[in-house]
A.B. asks: 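Sharing a structure with you now.
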Amino acid sequence: MSDDILLRLMAVLASRKDADPDSSYVAGLYHQGLDSILRKIGEESTETIIAAKSGDKQQIVHETADLWFHCLVMLAQQNLDVRLVLDELEQRFGVSGVDEKAARKQSK
């Protein structure tokens with residue numbers, strides 16, 4: 001899978017910003033505001049954890065997709081392009097997690 005699906009999804013999410021909240025689930029989330037979007041991320045995160053604990057692989061994939069989707073909604077609501085996250089992951093690729101964390105602490 002390429003990041004193409006993420007870019008296509010972000011385009012759809014951006015197009016829903018001005019949509020009628022009654023016509024689209026995402027438009028409804030935008031209309032309800034950031035707190036509602038963040039609550040959904042928390043809910044989906046919890047459901048992902050429960051799925052992982054259960055060991056049901058299909059449910060893990062389903063809940064992770066829900067979690068990622070709602071994180072993308074949050075990025076779009078904040079006017080952040082998913083490519084920024086992909087670029088951040090690219091920068092971290094091949095870097096020790098211990099070293100990366102230490103570098104973040106030093107830059108604060």
Side-chain angles (χ1 to χ4, degrees):
M1 184 187 103
S2 72
D3 59 5
D4 180 58
I5 186 65
L6 295 176
L7 300 177
R8 290 186 299 150
L9 185 52
M10 287 301 288
V12 170
L13 295 175
S15 75
R16 298 292 196 268
K17 281 188 169 185
D18 297 321
D20 178 356
D22 294 329
S23 70
S24 159
Y25 171 75
V26 171
L29 282 175
Y30 290 144
H31 181 75
Q32 293 169 28
L34 181 59
D35 285 348
S36 289
I37 295 168
L38 298 177
R39 271 193 298 279
K40 282 303 294 181
I41 291 172
E43 175 187 317
E44 298 303 342
S45 177
T46 300
E47 291 173 0
T48 301
I49 292 166
I50 292 168
K53 293 287 282 180
S54 78
D56 182 335
K57 294 190 184 318
Q58 183 176 356
Q59 196 63 24
I60 294 168
V61 169
H62 176 85
E63 295 301 342
T64 301
D66 285 349
L67 176 58
W68 287 11
F69 175 82
H70 288 89
C71 287
L72 292 173
V73 171
M74 182 265 308
L75 288 172
Q77 191 271 346
Q78 295 288 304
N79 297 313
L80 292 168
D81 193 305
V82 70
R83 285 174 280 219
L84 295 170
V85 177
L86 296 173
D87 290 347
E88 179 68 21
L89 289 171
E90 182 72 32
Q91 287 178 355
R92 293 181 187 187
F93 192 78
V95 175
S96 158
V98 172
D99 293 342
E100 191 275 331
K101 232 178 177 177
R104 277 192 283 153
K105 283 183 181 178
Q106 289 176 358
S107 68
K108 286 185 179 180

A.B. asks: Heavy atoms only: give me the nearest M10-L80 pair and the separation to one decimal.
C.D. replies: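 Smallest heavy-atom distance, with atoms named: CE-O, 3.5 Å.
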A.B. asks: Under 3.5 Å, is there a donor-acceptor pair between the side chain of Y30 and the main chain of P21?
C.D. replies: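 No; zero donor-acceptor contacts below 3.5 Å.
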A.B. asks: How far does CG of L72 sit from CD1 of I37, to the nearest 0.5 angstrom?
C.D. replies: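 So the gap between those two atoms works out to 11.5 Å.
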A.B. asks: Between R39 and E43, is there a salt bridge with N-O shorter than 4.0 Å?
C.D. replies: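 So E43 does not pair with R39 through a salt bridge.
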A.B. asks: Distance from S23 atom OG to R16 atom CZ, nearest 0.5 Å?
C.D. replies: 7.5 Å
A.B. asks: Just wondering, more than 12 heavy atoms not from Y25 lying within 6.0 Å of its OH?
C.D. replies: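 For Y25, atom OH is crowded (more than 12 foreign heavy atoms under 6.0 Å).
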A.B. asks: Should L84 and F93 be counted in the same cluster of Ile, Leu, Val, Met, Phe, Trp and Tyr side chains packed under 4.5 Å apart?
C.D. replies: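 No, because L84 and F93 fall into different hydrophobic clusters, even though each may have its own neighbours under 4.5 Å.
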A.B. asks: Please indicate whether Q78 has more than 12 foreign heavy atoms, meaning atoms of other residues, nucleotides or ligands, lying under 6.0 Å from its CD.
C.D. replies: yes
A.B. asks: Can you tell me how far the CD atom of E88 sits from the CD atom of E90, to the nearest 0.5 Å?
C.D. replies: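 The CD atom of E88 sits 11.0 Å away from the CD atom of E90.
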A.B. asks: Between A51 and E63, which heavy-atom pair has the shortest distance, and what is it?
C.D. replies: CB-CG, 4.0 Å
A.B. asks: Look up atom NE2 in H62 and atom OG1 in T48, then write down how far apart they are to the nearest 0.5 Å.
C.D. replies: 9.0 Å
A.B. asks: Is there a donor-acceptor pair under 3.5 Å between the side chain of S45 and the backbone N or O of I41?
C.D. replies: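 No; judged by distance alone, with no hydrogens or angles, the pair does not exist.
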A.B. asks: Is there a side-chain contact between N79 and K17 (heavy atoms, below 4.5 Å)?
C.D. replies: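 Touching, per the 4.5 Å side-chain cut-off.
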A.B. asks: Looking at every heavy atom in both D20 and A27, which two are closest together, and how far apart are they?
C.D. replies: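 Looking at all heavy atoms of both residues, the closest pair is O-CB, 3.6 Å.
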A.B. asks: Take atom CG of D18 as the centre, draw a 6.0 Å sphere, and report whether it contains more than 12 heavy atoms from other residues, nucleotides or ligands.
C.D. replies: no
A.B. asks: Please check this pair: side chain of K40 against backbone of M74, looking for a donor-acceptor N/O pair closer than 3.5 Å.
C.D. replies: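 Checking the backbone N and O of M74 against the side chain of K40, no donor-acceptor pair under 3.5 Å is found.
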A.B. asks: Please determine whether residues W68 and I60 belong to a single hydrophobic cluster, defined as Ile, Leu, Val, Met, Phe, Trp and Tyr linked transitively by side-chain heavy-atom distances below 4.5 Å.
C.D. replies: no
A.B. asks: Do L75 and L34 land in one hydrophobic cluster if side-chain heavy atoms of ILVMFWY residues count as linked below 4.5 Å?
C.D. replies: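 Result: yes, single cluster for both.
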A.B. asks: Can you hop from V85 to V12 via hydrophobic side chains spaced under 4.5 Å?
C.D. replies: no
A.B. asks: Same cluster for I49 and V61 if Ile/Leu/Val/Met/Phe/Trp/Tyr side chains link at under 4.5 Å?
C.D. replies: no
A.B. asks: Between CZ of R83 and CG of L6, what distance do you get to the nearest 0.5 Å?
C.D. replies: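 So the CZ of R83 and the CG of L6 are separated by 10.5 Å.
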A.B. asks: Could you grab the distance from atom CG of D66 to atom CD of Q59, nearest 0.5 Å is fine?
C.D. replies: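 It comes to 8.5 Å.
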